[in-house]
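One structure is given below, encoded as structure tokens.
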2 protein chains.
Amino acid sequence: MSLPTAVDCIVSAKWILPIVPAGKIFRDCSLVIHQGRIEAIHPTEGVLQEYSPRQHIELPQHVLMPGLVNAHTHAAMSLLRGYADDLPLMRWLKDHIWPTEKRWVDADFVHDGTQLALAEMLRTGTTCFSDMYFFPETTAAAVHQAGLRAQITFPVLDFPTNWAKDADDYIHKGLMLQDDYRSHPRIRIGFGPHADYTLSDAPLKRIAMLAEELQAPVQIHLHETAADVLQAVDATGMRPIERLLDLGVLSPLTQCVHMTQLSDRDIDLLQQSGASVIHCPESNLKLASGICPVQRLLDQGINVALGTDGAASNNDLDMFGEITTAALLGKVAARDATALPAWQMLHMATLGGAKVLGLDAQIGSLEAGKAADVIAVRLDDLDMAPLYELASQLVYNNRRNRVTHAWVQGKILLQDSQFTTLNIADLRNRARHWQDQIKPELPL
Amino acid sequence: MSLPTAVDCIVSAKWILPIVPAGKIFRDCSLVIHQGRIEAIHPTEGVLQEYSPRQHIELPQHVLMPGLVNAHTHAAMSLLRGYADDLPLMRWLKDHIWPTEKRWVDADFVHDGTQLALAEMLRTGTTCFSDMYFFPETTAAAVHQAGLRAQITFPVLDFPTNWAKDADDYIHKGLMLQDDYRSHPRIRIGFGPHADYTLSDAPLKRIAMLAEELQAPVQIHLHETAADVLQAVDATGMRPIERLLDLGVLSPLTQCVHMTQLSDRDIDLLQQSGASVIHCPESNLKLASGICPVQRLLDQGINVALGTDGAASNNDLDMFGEITTAALLGKVAARDATALPAWQMLHMATLGGAKVLGLDAQIGSLEAGKAADVIAVRLDDLDMAPLYELASQLVYNNRRNRVTHAWVQGKILLQDSQFTTLNIADLRNRARHWQDQIKPELPL
């Protein structure tokens, strides 16, 4: 009889939901992790005869599944959570968010805000996210230190902000960052042209060319509101998506965020281009932007991921909550209660998101050889009983935050609800510091 | 100097959000409770010179607010949570829910399912709810024992179910129940004609007359889907709301649930009748029923409450989650991000709900003389930082379940997240029992 194979870690759970094969649920199985990758899924009975782990974690009331992919956020904006609500997009941006950012956003703001966001995301099951914010080098450093996985898109705009002064400056800084991180195992730098309405043709064309050359992702806010689209048609004679196509920006590398205002022709152009969509239902609802026709996009073979957007227009970064909202909203949008069923939503928030970010070879499902980006969700609380259908319960009844463990690249970042790489007391103090700076409480 | 007044309980908190006065937040204040009622709100500094409590509870990280009012649910259906998802209303009812109920629903089912629901509701901040389900005498007994407040509407339908055989039988049983509970301080019995499409004219007229006589509430599913409305027009030549008006069923005692399919004329009729609306956004989305135009109804002076519906079409009974969904959805429905702002949503889930149930003299706000139906929400977790606007945080960032305490009529039912009147181990066992009966797990 052969000796057991030495491995780093075995996690034994009540269920394993791998996403691939689709619809599969393993019972009483163990996930074998070695050197940051998934080695195998093995029945718990007998696993210790096959493998000898340095660490064995037993989670008898939990399901293991791939870590969630939050495909669009502005992490540091966690510091502006609840700062300005109940306002439409343009007023919110122009009268509140942009002036406040101009006043306060620097590398410290981004460092502290990003860490706060990383804590919330990890605690709620997100192991990989895409960011778009100023001082992306600070964001990248925070992600590197905390251990999560990220696509970090550096913003590009025509106008100056605290980070850069014009489109060329944004791109220059971004390219340096991209070069610094070109071999990083968990962080990928991409282009973040803010929106069609914040950029002229020349930088957009330049981004298209550079992205193609570097095979780097491009993420852009697009067709977010009816006003955006009208304004574009007024200014250019073209809908934003047509203009992007014209400039060469719409390609399989392009991730279009929001997309609530889509004509049939828009959807056809999208499909032909190979670009994907990132659906942010709670942000779209909160800003009264509209409803993205997700089932239609999926029916036409367009890849769709989910995102929370920033905490200032959500107002949480909880992907299980976003999954529920997307599932519910998608049914009424399609006028069809069979639209966006539970399994499809779990796929969208894991492998679907990975695919849109170009990371589906590495993450998004629990399969041998893939990176061990995993979460454990505890399902024995009373409000989870009775439990008939696991997928349904995770999609329609999981906004309580039952995530207890999270691993990225096989490293445990959340263990029994405690962070291993983030200091809560410190985060708490810094959040308080910013709260007092930005909006000191009025004396009573 | 006079001696302090002896009182039953003082709860000292960081904030008190009374709902009345509108927009008011007390800091570092104490709620004084005596003989089941709110005696006063007093600054914590000096409160023990004024009052001498038998019990003093200090909640330095919490906000106290009125308990939430879940104005429409089917409590015992917690046992069917996740049983059948991703299906449209009629197929869901006819092919799955009604056959399963026929097979399993008896007094034991209702007792166990109701207790499970009471636990979830209490834990998530609901202190008063309205129910519509079979064996309402069992529901009432469970509510009486557990200590919550409820409006219990006995179902009335034309066809037989496990509880009664025809409309007269439903009404007869219901009237006996109504008589039993006529003086109960926390439980009020009302009529629950299921829907226009499940009842003929005669019983509807009878209900209208009896409700008027007894001044008892009437709750009915109405204009839930486009198909309902079309079917009514086909069968009767009238829209359901017109038919109800015609039969005398639409009055200030009437609570119309769902109302997603409303013409301008429907809304006018509603307004003139004085009837109110119970908005169940998550159910309406999940079953692809439609979107109730809540801001429009409020603009026309119609009272609107919030409800979760049953756990089989939500799939949780969490009112803070429902508040968030209603706020977000209402903005896109009104195409206006200023619609249904945070304070309005908090009102709708407390005093607004109380008003629709005819209980606004007793509950819905923390004012001297009202019943002490109160919850405490803990706000010091990291994801609640920074905290700029309390109302915003409770509406847009509170789906984590931070409720730690709940009182009904001054009696503490949830203390530090522990139930005082419900036995968790017992509930867990019984949920397991039903799970095994209804859908035993298939062998692997």
Side-chain angles (χ1 to χ4, degrees), chain A residues 27 79 81-83 85-89 92 116 119-120 123-124 282 284-291 311 314-318 321 325 327-329 331-332 334-339 341-342 382-383 385-389 392-393 396-397 399-401 424 427-428 431-432 434-435 438-439 444, chain B residues 27 79 81-83 85-89 92 116 119-120 123-124 282 284-291 311 314-318 321 325 327-329 331-332 334-339 341-342 382-383 385-389 392-393 396-397 399-401 424 427-428 431-432 434-435 438-439 444:
Chain A
R27 275 298 306 264
L79 288 177
R81 187 205 307 278
Y83 178 74
D85 294 297
D86 305 318
L87 295 163
L89 178 65
W92 179 72
L116 203 60
E120 181 179 358
R123 191 204 296 257
T124 55
E282 290 175 4
N284 297 155
L285 291 177
K286 188 159 189 279
L287 296 166
S289 304
I291 300 175
N314 189 298
N315 285 2
D316 63 44
L317 302 180
D318 189 326
T325 301
L328 298 182
L329 189 64
K331 293 170 194 323
V332 108
R335 299 179 191 233
D336 177 359
T338 67
L382 196 60
D383 304 337
L387 177 51
Y388 295 118
E389 299 286 345
S392 154
Q393 211 79 313
Y396 299 120
N397 187 32
R399 292 180 305 184
R400 189 64 48 74
N401 187 30
I424 289 203
L427 291 181
R428 208 190 281 284
R432 185 75 221 200
W434 286 106
Q435 181 181 320
I438 292 172
K439 212 172 190 177
L444 292 166
Chain B
R27 275 298 306 266
L79 289 177
R81 187 204 307 276
Y83 178 74
D85 295 299
D86 305 317
L87 294 163
L89 177 65
W92 179 71
L116 202 60
E120 180 178 358
R123 193 205 293 259
T124 54
E282 290 175 5
N284 296 156
L285 292 177
K286 188 160 189 278
L287 296 166
S289 303
I291 300 177
N314 189 297
N315 285 3
D316 62 45
L317 302 180
D318 189 327
T325 300
L328 297 183
L329 190 63
K331 294 170 193 321
V332 107
R335 298 177 194 235
D336 177 0
T338 67
L382 195 60
D383 304 337
L387 176 51
Y388 295 118
E389 299 286 343
S392 154
Q393 211 78 315
Y396 298 119
N397 187 32
R399 293 181 303 184
R400 190 64 48 72
N401 187 30
I424 290 205
L427 291 181
R428 209 190 280 286
R432 185 74 222 201
W434 286 106
Q435 180 182 321
I438 293 173
K439 212 172 190 179
L444 295 167

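Keep in mind that this is a model prediction, so the values were computed, not measured. Here is how names work: the chains are called A, B, and so on, in the same order as the sequence lines, proteins then strands, and each is numbered from 1.
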request  = Look up atom CG in B/Asp383 and atom CZ in A/Arg81, then write down how far apart they are to the nearest 0.5 Å.
outcome  =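 One finds 6.0 Å between CG of B/Asp383 and CZ of A/Arg81.
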
Residue, of [options], that accumulates the most heavy atom pairs under 4.5 Å with chain B:
options: A/Thr338, A/Leu382, A/Thr124, A/Asn401; result: A/Leu382
options: A/Ala334, A/Ala431, A/Pro341; result: A/Pro341
options: A/Ala327, A/Ala385, A/Ala311; result: A/Ala385
options: A/Ile424, A/Leu116, A/Thr325, A/Ile291; result: A/Leu116
options: A/Arg123, A/Gln393, A/Arg335; result: A/Arg123

task = Please flag which part of A/Leu87 lies under 4.5 Å from any non-hydrogen atom of chain B: side chain, backbone, both or neither.
result = backbone

Portion of A/Asp85 that has a non-hydrogen atom of chain B nearer than 4.5 angstrom = side chain

message = So that I can tick it off, tell me whether A/Asp316 and B/Arg399 are bridged by a salt bridge, with the cut-off set at under 4.0 angstrom between side-chain N and carboxylate O.
response =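 Looking at A/Asp316 together with B/Arg399, the answer is yes, because their closest N to O distance falls below 4.0 Å.
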
Give a yes or no on whether the backbone of [Y] and the side-chain of [X] come within a donor-acceptor separation of less than 3.5 Å.
X: A/Asp86; Y: B/Ala342; result: yes
X: A/Lys439; Y: A/Tyr83; result: yes
X: B/Gln435; Y: A/Leu387; result: yes
X: A/Glu120; Y: A/Leu317; result: yes

Highest number of heavy-atom pairs under 4.5 Å with chain A: which of [options]?
options: B/Leu79, B/Ile438, B/Asn397, B/Leu89; answer: B/Asn397
options: B/Ser289, B/Ala339, B/Ala119, B/Gly321; answer: B/Gly321
options: B/Glu282, B/Glu389, B/Arg428, B/Arg400; answer: B/Arg400

query = With side chains defined as the heavy atoms from C-beta onward, is the minimum distance between A/Lys286 and B/Leu328 less than 4.5 Å?
reply =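 A side-chain contact under 4.5 Å exists here.
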
ask   = How far apart are the closest heavy atoms of B/Tyr388 and A/Trp434, and which atoms are they?
value =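 For B/Tyr388 and A/Trp434, the tightest heavy-atom pair comes out as OH-O, 4.1 Å.
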
task = Measure B/Leu287 against the heavy atoms of chain A and call it side chain, backbone, both or neither at under 4.5 Å.
result = backbone

